Amino acid sequence: MEQNFSEQELLRRESLAKLRELGINPYPAPLYPVNITTQEIKDSYDPEKGNLQEVCIAGRIMSRRIMGAASFSEIQDETGRIQVYVNRDEICPGEDKTMYNTVFKKLLDIGDIIGVKGFAFITKTGQLSVHCKELTLLSKSLRVLPIVKEQDGKVFDSFSDPELRYRQRYVDLIVNPQVKDTFIKRAQIIATMREYFNEAGCLEVETPILQSIPGGATARPFITHHNALDIDLYMRIANELYLKRLIVGGFSGVYEFAKDFRNEGMDKTHNPEFTCMEIYVAYKDYNWMMDFIEKMLAKVAAKVNAGSTKVMIGENEVDFGGVYRRLPILDAIREYAGVDVKGMDEDELRATCRKLNVEIEPSMGKGKLIDAIFGEYCEKNLIQPTFITDYPVEMSPLTKRHREDPSLTERFELFVCGKELANAYSELNDPIDQFERFEEQARLKSKGDDEAMFIDMDFVRALEYGMPPTSGLGMGIDRLTMFMTGQTTIQDVLFFPQMRPKAL
């Protein structure tokens with residue numbers, strides 16, 4: 001494949017060749033004795049004591065001020081930037097000044113990764129710096145970094161185009177280091193959840209990604225082929241049915257942070273590959289799960305927001321602390337759409353949707369018609385964390401019927417800022433009822449609903465052995481991270497979001 005290089009890229013390749021001619025390996029063996037980070041230098045240096053006399057740091061050159069026999073560079077590591085003072089006679093103590101006059105001044109570039117051994121000190125202008133005693137090239141950069149400049153409060157040449165940032169996340173992380181904070185918080189969110197579940201006595205498990213039947217959700221799956229078995233398999237759309245099999249097997253509480261895949265549309269809140277956490281706890285119900293998740297989200301918010309449970313999401317201050325509102329879905333439709341759909345059959349619901357100007361499809365059954373009304377009229381009003389509860393049975397094929405009204409189910413969805421964050425049930429453990437609901441899903445699929453569930457007879461068989469009363473919940477980690485970090489697009493909380501391929 002032919003590569004086309006810019007003038008600057010050609011110059012860097014010439015520098016690469018000259019370094020090798022000088023006997024300098026531009027990509028040496030990886031071991032380098034880093035003993036401190038730039039942030040640790042800033043945190044621990046005491047100018048009165050003059051400590052930190054033997055520091056060894058490594059990072060990427062982000063700026064240079066070449067002068068005569070002494071120069072300054074700024075290098076950046078994972079924790080931040082620090083100035084480096086380079087003196088010709090310090091790094092070249094003998095007669096041979098090649099390392100300074102040729103290598104440092106002419107053959108190194110912004111973007112190169114270097115190692116610096118020396119000591120910390122304060123310059124005459126009062127800037128904490130590292131006095132370089134020994135300099136080592138660790139990796140030669142052959143591409144030119146976009147250099148962000150700031151003057152009089154104005155930013156120039158910023159690397160801000162969203163498509164470029166998502167396609168070249170590695171560059172984004174270099175020149176926009178604040179982006180790292182979102183992903184650090186994402187890791188903290190997952191770690192806090194894991195700690196909370198483990199303390200509650202739940203076991204973290206792993207379940208198959210390749211499945212013969214895609215179950216646990218209503219979604220269009222990706223299909224792949226297994227050559228050795230000569231069968232088609234599906235990328236999982238949810239891990240629910242496998243986790244409930246483990247509850248059948250005798251575990252009292254299991255959870256999984258799972259990569260799921262849905263062959264559906266992409267927008268600011270949806271990516272075809274996403275991370276979902278699902279948890280199932282025996283002998284609990286959906287009321288218990290609401291209390292359990294309220295406490296968890298308060299801990300997560302406090303962890304990533306300096307102890308506060310209040311988070312700014314767009315223009316809204318959202319409080320994840322306290323008790324969330326609990327609103328039955330039919331009451332929400334009555335409150336926000338002004339209609340009572342309880343007891344309506346499919347034809348009546350279609351007529352109501354037309355009256356309310358709600359867009360619908362011929363393949364929609366009762367469940368999706370109700371969901372369409374709810375989505376159009378209710379979701380946008382649910383800014384503070386709100387549990388929408390007690391869904392009609394047609395909307396919830398894996399959920400236990402409500403103990404007081406068999407036309408409803410013991411299900412809730414948690415909404416924040418008009419978006420669903422979590423979905424939870426008192427799990428259906430009646431195998432006969434489950435089979436009948438699978439058959440209804442098959443009827444919808446025959447009408448053209450390609451997101452309707454498949455019939456999973458092995459799961460029905462598992463239920464026939466007996467599953468204890470169980471509460472389960474699924475929560476989108478990407479969306480939770482968006483909320484907790486104030487991001488407005490899912491692409492900003494994924495290192496490498498899915499994008500259409502583009503020629504380099």
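Owing to the predicted nature of the structure, the values given are computational and were not obtained by experimental measurement.
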Contacts of R64 that satisfy salt bridge (charged side-chain N to carboxylate O under 4.0 Å, His left out) - sequence neighbours left out: none
Interatomic spacing from CG in L203 to CG in L243 - rounded to 0.5 Å: 10.5 Å
Main-chain N/O of M499 paired with K502 side-chain donor or acceptor, under 3.5 Å: no
D478 CG to I490 CD1 distance, which is reported to the nearest 0.5 Å: 4.5 Å
Y85 and N87: side chain donor to acceptor below 3.5 Å: yes
Nearest heavy atoms of N263 and P221, plus distance in Å: CB-O, 3.6 Å
Under-4.0 Å salt bridge between E163 and R167: yes
Nearest atoms (heavy-atom pairs only) where L414 meets F412: N-CD1, 4.2 Å
Over 12 foreign heavy atoms within 6.0 Å of NZ, K106: no
side-chain hydrogen bond (donor to acceptor under 3.5 Å, both in side chains) between T485 and T182, worked out: CA-CA 6 Å; T485 60; T182 295; 4.6 Å; no
Shortest non-hydrogen contact from P385 toward V318: CD-CG1, 3.5 Å
Stepwise salt bridge (charged side-chain N to carboxylate O under 4.0 Å, His left out) check, K180 with D172: CA-CA 9 Å; K180 292 180 182 177; D172 186 33; over 6 Å; no
Side-chain donor or acceptor of N51 paired with backbone N/O of S44 under 3.5 Å: yes
Row check, F5 ring normal vs R13 NZ/CZ: under 6.0 Å, within 45°: yes
With sequence neighbours excluded, residues passing salt bridge (charged side-chain N to carboxylate O under 4.0 Å, His left out) with K140: D109, D112
Residue K259 excluded, over 12 heavy atoms near NZ under 6.0 Å: yes
From CA spacing to verdict: salt bridge (charged side-chain N to carboxylate O under 4.0 Å, His left out), R194, E204: CA-CA 8 Å; R194 180 175 280 121; E204 184 171 9; 2.7 Å; yes
K368 with D371: basic N within carboxylate O range, under 4.0 Å: no
D291 with K295: basic N within carboxylate O range, under 4.0 Å: no
Heavy-atom side-chain proximity of N423 to R411 below 4.5 angstrom: yes
Steps toward salt bridge (charged side-chain N to carboxylate O under 4.0 Å, His left out) verdict (E90, R88): CA-CA 6 Å; E90 292 276 0; R88 180 188 61 196; over 6 Å; no
Spacing of C417 atom SG and K380 atom NZ [to the nearest 0.5 Å]: 15.0 Å
F119 atom CZ, over 12 foreign heavy atoms within 6.0 Å: yes
V281 and W288, any side-chain heavy atoms less than 4.5 Å apart: yes
More than 12 heavy atoms of other groups within 6.0 Å of E206 CD: no
Worked check of side chain to side chain contact (heavy atoms under 4.5 Å, CB included) between I82 and Q76: CA-CA 7 Å; I82 197 166; Q76 174 177 290; over 6 Å; no
Side chain to side chain, F72 and S63, heavy atoms closer than 4.5 Å: no
With D492, the salt bridge (Lys or Arg N to Asp or Glu O under 4.0 Å) member among R165, K268, R186, R479: R165
Whether Q211 side chain and P208 backbone form a donor-acceptor pair below 3.5 Å: yes
Side chain N176, main chain V179, donor-acceptor under 3.5 Å: no
Parallel, tilted or perpendicular: ring planes of F261 versus F222, cut at 30 and 60 degrees: perpendicular
Proximity of F387 and F415 rings by center, below 6.0 Å: no
Closest approach of C56 to K117 (non-hydrogen atoms, all atoms of both residues): SG-CG, 3.7 Å
Heavy-atom neighbours of Q178 CD exceed 12 at 6.0 Å: yes
Check against side chain to side chain contact (heavy atoms under 4.5 Å, CB included), L297 and M475: CA-CA 11 Å; L297 288 174; M475 177 174 289; 4.2 Å; yes
Sidechain-backbone polar pair: T123 side chain, Q127 backbone, donor-acceptor under 3.5 Å: yes
N/O donor-acceptor pair under 3.5 Å between Y196 side chain and F292 backbone: yes
Under 3.5 Å side-chain donor-acceptor pair for S129 and Q83: yes
Short side-chain to backbone donor-acceptor contact, S471 and K284, under 3.5 Å: no
Identified salt bridge (Lys or Arg N to Asp or Glu O under 4.0 Å) counterpart of R236 within the set E256, E273, E278: E256
Heavy atoms of other groups near E9 CD, more than 12 under 6.0 Å: yes
Flag if over 12 foreign heavy atoms under 6.0 Å of NZ, K105: yes
Donor-acceptor side-chain pairing of Y255 and N198 below 3.5 angstrom: yes
Salt bridge (charged side-chain N to carboxylate O under 4.0 Å, His left out) between E264 and R220, intermediate numbers included: CA-CA 6 Å; E264 301 171 343; R220 186 185 299 119; 5.9 Å; no
Plane angle bin for F104 and Y100 - parallel if under 30°, tilted between 30 and 60°, otherwise perpendicular: parallel
Mutual orientation of the aromatic rings belonging to F320 and Y324 [parallel < 30°, tilted 30-60°, perpendicular > 60°]: perpendicular
E78 atom CD, over 12 foreign heavy atoms within 6.0 Å: no
Residue pair N271 / M266: nearest heavy atoms and the distance that separates them: OD1-CE, 4.3 Å
Test item: D161 side-chain N/O and L164 main-chain N/O as donor-acceptor pair under 3.5 Å: yes
Least distance between heavy atoms, I91 atom then C132 atom: CG2-SG, 3.8 Å
Nearest-0.5 Å distance that lies between atom CD in E40 and atom CG in D77: 9.0 Å
F459 backbone acceptor or donor facing D456 side chain under 3.5 Å: yes
Flag side-chain contact, heavy atom, 4.5 Å: H226 against D230: no
Polar side-chain atom of R60 near backbone of G111 as donor-acceptor pair, under 3.5 Å: yes
Residue of the set T386, V416, I293 for which side chain to side chain contact (heavy atoms under 4.5 Å, CB included) holds with L421: V416
